[in-house]
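FYI, the numbering just counts along the sequence from 1. One-based numbering, in listed order, for ligands and for the atoms of each.
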Amino acid sequence: MRIVSVVGTRPQLIKAAALQPALRVRHTEVFVDTGQHYDEAMAGAFFGELSLPRPDRSLGVGGGSHAEQLAAMLTELEPILTAERPDAVLVYGDTNSTLAGALAAAKLGIPVAHVEAGLRSFDRRMPEEINRVVTDHLSHWLFAPTPTAVANLAHEGITDGVTLVGDLMQDLAARVGAEVRDPAVLAEVGRALRIGLRPGGYCFATIHRADNREPAALRAWVALLDAVASPGRPVVLALHPGTRVALEREGVSVGPGVRVVEPLGYRSSLALQLHAAAVLTDSGGVQREAAWLGTPCLVLRPTTEWVEAVESSGGRMVVVGLDRERAVAELGRLAPVDRAADMASERAATLDLRPAGAAEAIASALESGA
Ligand code: UD1
Ligand code: UDP
């Protein structure tokens with residue numbers, strides 16, 4: 001099949017890196033990057049690191065409001081899809097680039113394939129929830145990562161075209177996780193960041209949800225990270241540029257125990273997660289990676305779409321929202337300071353993460369047209 005795939009954000013570049021090798025064995029891909037993310041550290045660097053091919057078309061339409069982004073993406077995508085006449089348009093996840101790709105294709109009568117279909121937070125205040133719901137209802141192929149996602153689709157009356165394929169990001173995490181098990185990799189990342197990093201001797205954090213950029217929420221998670229950090233156990237916060245803008249706008253800064261670093265490469269992100277005492281995040285991707293790596297994880301949102309990640313964590317993943325006291329208590333339980341180093345070393349030494357096989361399943365389902 002001839003497939004136009006549409007990406008635009010950091011996690012979509014990572015998902016494309018996981019799918020492309022299998023996809024390109026069986027199909028012809030036209031690779032389109034909307035440019036929703038545009039900083040070198042959020043986008044450009046991943047092409048080199050993950051050996052992604054240069055996009056066939058780069059739309060350069062990052063920034064602006066949601067309406068501005070969507071309008072610009074739709075305007076750019078329509079002539080490309082009209083000229084390419086693909087058999088399918090493939091989109092990943094739940095960003096504005098996902099919705100734009102799906103909508104542009106559906107309006108032209110081109111079948112849509114949605115990777116990570118069926119996820120729901122049941123919170124329509126989240127821009128991602130709107131993007132997911134609309135994309136799923138426009139899709140012909142719905143590649144669900146989890147049984148819960150399949151059930152969510154069924155509740156909305158969508159059963160045709162749904163395939164449970166597993167989690168594409170696990171395919172990549174399995175490969176790269178094995179490459180970053182050696183604590184020497186952590187030390188190397190630490191040297192590059194100019195922070196002394198020992199297994200279990202720090203916590204790793206990322207924050208970028210729109211809700212968590214609101215003034216009250218900003219102050220709440222900054223206080224939470226400050227409460228969790230200590231001189232002997234810093235929090236390394238890989239700061240999304242949108243969150244940095246929000247902190248500056250509000251004049252809020254983190255305390256000395258929180259070491260703010262630029263967005264990291266994928267290997268560094270995985271290395272920091274694997275060897276951390278714990279991960280604190282509102283990211284969907286980081287949350288699942290922490291679960292696969294076995295690292296204790298506090299989810300800094302009131303809800304999660306990744307129900308299975310929490311259920312299968314054996315209590316190591318806890319949805320704490322922005323409740324500071326709960327976060328401190330859960331960390332004391334999950335990663336006690338006197339045992340965290342041994343726990344992290346043991347975890348890295350015994351890591352045995354297997355690929356989910358999602359890339360193969362998606363490429364072959366597209367081939368059979370089912
Ligand atoms: C987007 C997705 C979110 C996803 C996240 C992954 C939507 C609605 N949201 O959120 O689902 O989890 O990507 O990281 O699509 N910015 C830069 N440089 C960049 C990118 C962003 O400075 O390279 C700043 C800009 O101020 C921009 C802001 O971040 O306005 C928000 O960026 P945007 O792409 O709209 O949303 P994200 O918060 O990145
Ligand atoms: N990630 C990264 N560098 C960072 C933070 C995250 O490479 O500084 C990776 C992370 O390992 C995961 C993906 O980015 O693979 C998650 O993307 P993000 O948190 O931006 O979006 P979400 O998953 O919430 O949509």
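- For Arg267, the CZ atom sits in a packed shell: over 12 heavy atoms of surrounding residues, nucleotides or ligands are nearer than 6.0 Å.
- For ligand 2, the atoms lying closer than 4.0 Å to a non-hydrogen atom of Pro11 are 17 (O), 20 (O), 21 (O), 25 (O).
- When hydrophobic clusters are built by joining Ile, Leu, Val, Met, Phe, Trp and Tyr residues whose side-chain heavy atoms come closer than 4.5 Å, directly or via intermediates, Val299 is not grouped with Leu331.
- Each of the atoms 17 (C), 18 (N), 19 (C), 22 (O), 23 (O) of ligand 1 lies under 4.0 Å from some heavy atom of Asp39.
- The shortest separation from a heavy atom of Glu262 to ligand 2 is not under 4.0 Å, leaving the residue out of contact.
- Counting the atoms of ligand 1 from 1 in the order shown, those under 4.0 Å from a heavy atom of Gly242 are 24 (C), 28 (C), 29 (O).
- In this pair, Phe47 and Phe31 present their aromatic rings tilted. The plane angle is within the 30 to 60° band.
- Between Ser283 and ligand 2, at least one pair of N/O atoms sits closer than 3.5 Å.
- The closest approach between a heavy atom of Gln273 and any atom of ligand 2 is below 4.0 Å.
- The shortest N or O to N or O distance between Thr95 and ligand 1 is not under 3.5 Å.
- Below 3.5 Å of separation, one finds an N or O of His208 facing an N or O of ligand 2.
- No donor-acceptor contact under 3.5 angstrom links the side chains of Glu128 and Thr98, judged on distance only.
- Scanning the protein heavy atoms around atom 3 (N) of ligand 2, the nearest turns out to be Leu264 O, 2.8 Å.
- An N or O contact shorter than 3.5 Å is missing between Phe204 and ligand 2 by distance.
- Each of the following atoms of ligand 2 lies closer than 4.0 Å to a heavy atom of Ile14: 9 (C), 13 (C), 14 (O), 15 (O).
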